[in-house]
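Okay, so here's the structure we're looking at.
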Amino acid sequence: MSLILYNTLTRTKEAFTPADPARVTMYVCGPTVYNYAHIGNARPAVVFDVLFRLLQARYPKVVYARNYTDVDDKINAAAKEQNIAIEVITRKFMAVYQEDMAALGVLTPTVEPCATHHIAEMVAMIEALVAKGHAYEAEGHVLFNVPSFEGYGQLSGRNRDDMIAGARVEVAPYKKDPADFVLWKPSTPDLPGWDSPWGRGRPGWHIECSAMIEKHLGETIDIHGGGHDLIFPHHENELAQGTCAHGGAPYARVWMHNGFLTMSREKMSKSLGNIKTVHELLADAPGEALRWALLSAHYRQPLDWSDETVTQAKRTLDGAYRALEAVASINAKATQAPAAMLEALDDDLNTPRAMAEIAASVKALNSASDAGEKARLKGELLAAGALLGVLQQNPADWFADQTKAVDGAQIEALIADRNAARKARDFKEADRLRTAIAAIGVVIEDRPDGTTKWRMAE
RNA sequence: GGCCGAGUGGCAGAGUGGCCAUGCAGCGGAUUGCAAAUCCGCGUACGUCGGUUCGAUUCCGGCCUCGGCCUCCA
């Protein structure tokens, strides 16, 4: 049974075979840190986190790099507007991003390189490209010469003529070819800049990823991931400059791209303003529910985001945690996730199918009566959950629902009163107390063993 | 204009040439003092028009609708 991944480069699903099974390499384009990440930005982080978990389960060593773009014209604009240094902004939002991702159950990648820490590597790569005749200096800029790379367009499936015909941007006069893109650009004194052979300047958008990949992962990586909108121009350009810098060595063996989140069927994007930040969503829902919602559609499909998406995700998780809570006193047997679960994820990360398997595990656990069987099924459910990065909390913590404040002692007291009434067969009083508890927003549940559990209503 | 993707039951969302997705919600039953939870059961879903086929939601073609990239963007 092998892992199958859809490769954007070949437009087909392929069996994944790492170049070096002893060291699997993956790079995912991370955030530009100048404001709060929205839930659409979180999709690749969560999707590739699942892939990271899956790879780790299969291979002894996985090196996963996800970068921070901490120098960029939008950051510059924000810094200028607030009259502060770009570092103040990038440091703050890097920390926010890390917090948000942790709340979504995203594991910390092996490496999280920052662009500003790799200026020397970028300059070196640009110099190599110039030396090899793939790049040239013009008016303080260094540009990659697209016609110098025969394979240009292979990733995005477009030819140069199409691109020029459809270009909506004015072509800078110093470009040799309209498709040429910037590797390095000059900075005026009021902008961040670094000394370089071409004067004080700053990197273009694409070069940072190639330089950091070369440094941390190598010339050829196994998997390169990111959002669908990065295919062109970002990844096409990366592929071009990376391949040329390395004398034709393949840049990435598998390219993976996640689909977008939409709001009312329209792409969620900062420029349209139709965004929900992870930060604000976390105020109303557990991170795990957001994670479940993000994984509820296959990663290449569009996913329309709404309050309902989150509500349904949370209710589904409630059910799974109820099943786990019911066996809280039973030690899970250490075991693997069910084969069907692995099979689903091995098929190009089919998380919806994996979730159906989790549902099957939940049902089996609820139906089990034998203690040994329960221990085994609990182990399977937890192992299955671990692959998706869910169901690892203590059920009591899940139901405590950190987003709502409630006086636990008061509820326990009311429950005790009610149980006393029940014991005295004063059901009228018992029902009155339950109504009082419900008024606080709490649902109670009498268990067959005589105990009464409570949890937050929605 | 070029390239790409999508249209599945109330909602979300897999998948397949003939049989079951799954979850949420709803309905009926078991259970319960009543509930809740759980379990069992239920709903003739595949944009449209043709074609291929013994048989198509699934393959082919046309059409309609929606979305994305081509500019910063996950």
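Keep in mind that what you see is a predicted model, and the values were worked out from it rather than measured. Chain naming here is simple, since letters A, B, ... match the order of the sequence lines and numbering starts at 1 in each.
A/Arg422 comes within 4.0 angstrom of a nucleotide base, judged by non-hydrogen atoms across all strands. In this structure, A/His38 reaches the bases: a heavy-atom distance under 4.0 Å links it to at least one base atom across the strands shown. A/Ser367 comes within 4.0 angstrom of the backbone, heavy atoms only, and of no base. Residue contacts shown for A/Arg455 are limited to sugar-phosphate atoms, with no base heavy atom under 4.0 Å away. Within the nucleic acid shown, A/Ile444 comes within 4.0 Å of at least one base atom, counting heavy atoms only. Across all strands, A/Lys363 comes closer than 4.0 Å only to sugar-phosphate atoms, never to a base (heavy-atom distances). Across all strands shown, A/Ile358 has no heavy atoms under 4.0 Å from either base or sugar-phosphate atoms. Backbone-only contact: A/Gly226 has heavy atoms under 4.0 Å from sugar-phosphate atoms and none from a base. Residue A/Lys270 is in sugar-phosphate contact alone, with no base atom involved, counting any heavy-atom pair closer than 4.0 Å across all strands shown. Residue A/Arg447 is out of contact with every strand shown, counting any heavy-atom pair closer than 4.0 Å. A/Asp446 comes within contact range of at least one nucleobase, with a heavy-atom separation under 4.0 Å.
Of the two residues contacting RNA chain B, namely A/Gly30 and A/Gly319, the nearest-nucleotide position lying further toward the 5' end is that of A/Gly319. Mapping A/Pro302 and A/Glu357 onto RNA chain B by nearest heavy atom places A/Pro302 at the nucleotide closer to the 5' end.
By the 4.5 Å heavy-atom criterion applied to side chains, A/Gln312 and A/Trp292 are not counted as neighbours. Between A/Asp100 and A/His279 the shortest side-chain heavy-atom distance falls below 4.5 Å.
Applying the 3.5 Å distance criterion, the base of B/rG23 shares a donor-acceptor pair with the side chain of A/Gln312. Below the 3.5 angstrom threshold, one finds no donor paired with an acceptor across the side chain of A/Glu308 and the base of B/rC11. Counting distance only, with no hydrogens placed and no angle test, the side-chain atoms of A/Asp431 and the base atoms of B/rG33 include a donor-acceptor pair under 3.5 Å.
The side chain of A/Lys314 contributes no N or O atom lying less than 4.0 Å from OP1 or OP2 of B/rC24. Side-chain nitrogen and oxygen atoms of A/Asn366 include at least one within less than 4.0 Å of the OP1 or OP2 phosphate oxygen of B/rC39. Checking the phosphate oxygens (OP1, OP2) of B/rG15, no side-chain nitrogen or oxygen of A/Arg353 falls inside 4.0 Å.
Pairing analysis of RNA chain B (Watson-Crick: purine N1 to pyrimidine N3 plus N6-O4 or O6-N4; G-U wobble: N1-O2 and O6-N3; both under 3.5 Å) yields stems of 3 or more pairs at B:1-7 with B:64-70, B:10-12 with B:22-24, B:26-30 with B:38-42, B:47-51 with B:59-63.
With A/Asp446 as reference, A/Arg422 is the one residue of A/Lys453, A/Lys423, A/Arg422 to meet the salt bridge (Lys or Arg N to Asp or Glu O under 4.0 Å) rule. No option in A/Val106, A/Leu107, A/Thr108, A/Val96 other than A/Val106 meets the side-chain contact (heavy atoms from CB on, under 4.5 Å) test with A/Met101.
Under a cutoff of 6.0 Å and an axis angle of 45°, A/Lys267 and A/Phe260 form a cation-pi pair. Stacking of A/Arg300 on the aromatic ring of A/Tyr6 is recorded, both the 6.0 Å distance cut-off and the 45° axial limit being met.
Ion pair A/Arg434/A/Asp431 flagged as a salt bridge, since at least one NZ, NE, NH1 or NH2 atom sits closer than 4.0 Å to an Asp/Glu carboxylate oxygen. A salt bridge is absent between A/Arg353 and A/Asp348; no separation between the charged side-chain nitrogens and carboxylate oxygens falls under 4.0 Å.
Between the CG atom of A/Asp304 and the P atom of B/rG67 there is a distance of 12 Å, rounded to whole Å.
Between B/rU31 and B/rC39, the two C1' atoms lie 9 Å apart (nearest whole Å). Taking atom P on both B/rC49 and B/rU58, the two are 12 Å apart, rounded to the nearest angstrom.
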